[in-house]
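Only one structure is covered here, and it is reproduced in the block below.
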2 protein chains.
Amino acid sequence: MSKRSTRQKRAIEQVLLAARGPLSAQQIQEKASEISPGLSLATVYRVVREGAEAGTLSTVCLDDKVTRYEDRHRHHHHHFLCEDCDEVFDITIPCEMLAHRVPEGYSVTRHEITLYGHCAECA
Amino acid sequence: MSKRSTRQKRAIEQVLLAARGPLSAQQIQEKASEISPGLSLATVYRVVREGAEAGTLSTVCLDDKVTRYEDRHRHHHHHFLCEDCDEVFDITIPCEMLAHRVPEGYSVTRHEITLYGHCAECA
DNA sequence: CTAACTGCAAAGCCTTTGCATACCA
DNA sequence: TGGTATGCAAAGGCTTTGCAGTTAG
């Protein structure tokens, strides 16, 4: 759990808050380095890991096998992965009915819906 | 593309055809080794990779970051990951409406719905 | 001041690859 | 027999960890 506020942590938080969707560790390092030069990948991994354990961040793993991280402060949403630019965007889909569609005896705690296709810029 | 039918490939295919859901490379090796003793992990990776490239297999990457593989011969379906036993099961959910819920300009080619929770055995 | 944090480089996992051998066809 | 497929071990990529130096409070 994070105990001190450092330049590096603030930079990472800021980047994640400004993101349109989940970002990979690499992307976070690139963007946060502009705010906190010299930021190491190791620190990015340490901070996102702490955030995930503390529940402030969630990790997303889609079919392209890249792990991405996003702030949890926002509303429940889903993801769209553009197969051209590999960028992930947040989207909203009605999903109330999902929990009722499982076999007898199963219980659902959460779900993930991901669409794959082409984003507006790449189409 | 696969050119020869070998003991190892037949074992892997057989395991994937019998599976209730997608399996990890490890799981495939364990189960297929019972049929073809000495089967190496490297071969499993080579065979599933060929299958994926040939389109007969699909790869699945859920939030637990484990890559799993499954035969594509079956109907369109979705996945349920049990958070207790880490097993993945195939499920069916109506999903016709999904493609219409994306922002202006986006096009959807495919989707993935995953439920997380507890399976009948673990509940 | 001092315990938490960071950067670096080394270590760890999972997956891929190079090479000599085994084995389908 | 000839070339594909396999097993082993080494190499690769992403992520984690150990350690010594740095810094927040």
Side-chain angles (χ1 to χ4, degrees), chain A residues 1-16 19 21-54 56-70 81 86-88, chain B residues 1-16 19 21-54 56-70 81 86-88:
Chain A
M1 176 78 147
S2 180
K3 295 185 177 174
R4 286 180 189 174
S5 172
T6 64
R7 188 164 42 87
Q8 292 88 336
K9 287 183 189 171
R10 287 190 297 272
I12 293 171
E13 281 164 25
Q14 190 175 325
V15 165
L16 286 172
L23 301 177
S24 68
Q26 286 254 12
Q27 290 176 305
I28 295 173
Q29 190 208 19
E30 287 163 14
K31 300 195 182 193
S33 289
E34 297 169 9
I35 306 171
S36 175
L39 172 66
S40 74
L41 247 191
T43 296
V44 173
Y45 280 114
R46 273 188 284 240
V47 172
V48 296
R49 196 170 181 235
E50 274 178 6
E53 283 167 6
T56 58
L57 293 185
S58 55
T59 78
V60 181
C61 185
L62 308 182
D63 277 3
D64 66 354
K65 300 191 180 68
V66 176
T67 305
R68 296 181 177 83
Y69 309 86
E70 73 180 340
L81 169 63
D86 295 323
E87 204 71 35
V88 178
Chain B
M1 180 74 152
S2 182
K3 296 183 179 178
R4 283 184 192 170
S5 171
T6 64
R7 188 165 42 89
Q8 291 88 335
K9 286 182 190 171
R10 286 190 298 271
I12 293 172
E13 282 164 25
Q14 189 175 328
V15 165
L16 285 173
L23 302 177
S24 69
Q26 287 253 12
Q27 289 175 307
I28 294 172
Q29 190 208 19
E30 286 162 14
K31 300 195 181 194
S33 288
E34 295 170 10
I35 306 170
S36 175
L39 173 65
S40 74
L41 246 191
T43 296
V44 174
Y45 281 114
R46 273 189 284 239
V47 172
V48 296
R49 195 171 181 234
E50 274 177 5
E53 283 168 5
T56 58
L57 292 184
S58 56
T59 78
V60 181
C61 185
L62 308 181
D63 277 3
D64 67 353
K65 298 190 180 68
V66 176
T67 305
R68 296 180 176 82
Y69 309 86
E70 75 182 338
L81 170 62
D86 296 323
E87 204 71 34
V88 178

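Since the model is a prediction, treat every value here as computed from it, not as a measurement. The chains referred to below are lettered A, B, ... by the order of the sequence lines, with proteins before strands, and numbering in each begins at 1.
At the phosphate of dC8(D), neither OP1 nor OP2 sits under 4.0 Å from any side-chain N or O atom of Ser40(B). Between Gln26(A) and dG13(D) there is no side-chain polar atom (N or O) within less than 4.0 angstrom of OP1 or OP2. Here Gln8(A) does not reach the OP1 or OP2 of dT23(D): none of its side-chain N or O atoms lies under 4.0 Å away.
Rounded to an integer number of Å, the gap from Lys65(A) NZ to dC14(D) P is 13 Å. Nucleotide dT6(C) holds its C1' atom 17 Å from the CD1 atom of Ile35(A), rounded to whole Å. The distance between atom CZ of Arg7(A) and atom P of dT22(D), rounded to the nearest whole Å, is 13 Å. In this structure, Ile28(A) atom CD1 and dC14(D) atom P are separated by 15 Å, rounded to whole Å. In this entry the distance linking CD of Gln29(A) with C1' of dG13(D) reads 15 Å, nearest Å. To the nearest angstrom, C1' of dG7(C) lies 13 Å from CD1 of Ile12(A). In this structure, Lys9(A) places its NZ atom 13 Å from C1' of dG25(D), rounding to the nearest Å. To the nearest angstrom, C1' of dC14(D) lies 14 Å from CZ of Arg49(A).
Comparing Ala25(A) and Leu41(B) by the nucleotide of DNA chain D whose heavy atom lies nearest to each, the residue mapping closer to the 5' end is Leu41(B).
When each of Leu41(B), Val47(B), Val48(B) is checked for a side chain to side chain contact (heavy atoms under 4.5 Å, CB included) with Ile28(B), only Val48(B) meets the rule.
Within 3.5 Å, no donor on the side chain of Arg46(B) pairs with an acceptor on the base of dA5(D), nor the reverse. Remark: the Arg4(A) side chain and the dA4(C) base include a donor-acceptor N/O pair separated by less than 3.5 Å.
Between Ala25(B) and Val44(B), the shortest heavy-atom distance links the atoms O-CG1, 3.8 Å.
Taking the side chain of Val47(A) as heavy atoms from C-beta on, and the options dT6(C), dT6(D), dT16(D), the nearest nucleotide is dT6(C). Taking only side-chain atoms of Lys3(A), from C-beta outward, the nucleotide of dC5(C), dG7(D), dT17(D) with the closest atom is dC5(C). Considering only side-chain atoms of Thr6(A), the nucleotide from dA24(D), dA25(C), dA4(C) that sits closest is dA24(D). Counting only heavy atoms from C-beta on, Leu39(A) has its side chain closest to dG7(C) among dT6(D), dG7(C), dT6(C). Of all nucleotides listed (dC8(D), dG25(D), dT17(D)), dT17(D) comes nearest to the side chain of Ala42(A).
Interatomic distance, CD of Glu50(B) versus CG of Leu57(B), reported as 10.0 Å (0.5 Å rounding).
A donor-acceptor pair under 3.5 Å links the side-chain atoms of Lys9(B) to the main chain of Arg4(B), judged by distance alone. For the pair Gln8(B) (side chain) and Ser36(B) (backbone), a donor-acceptor distance under 3.5 Å is absent.
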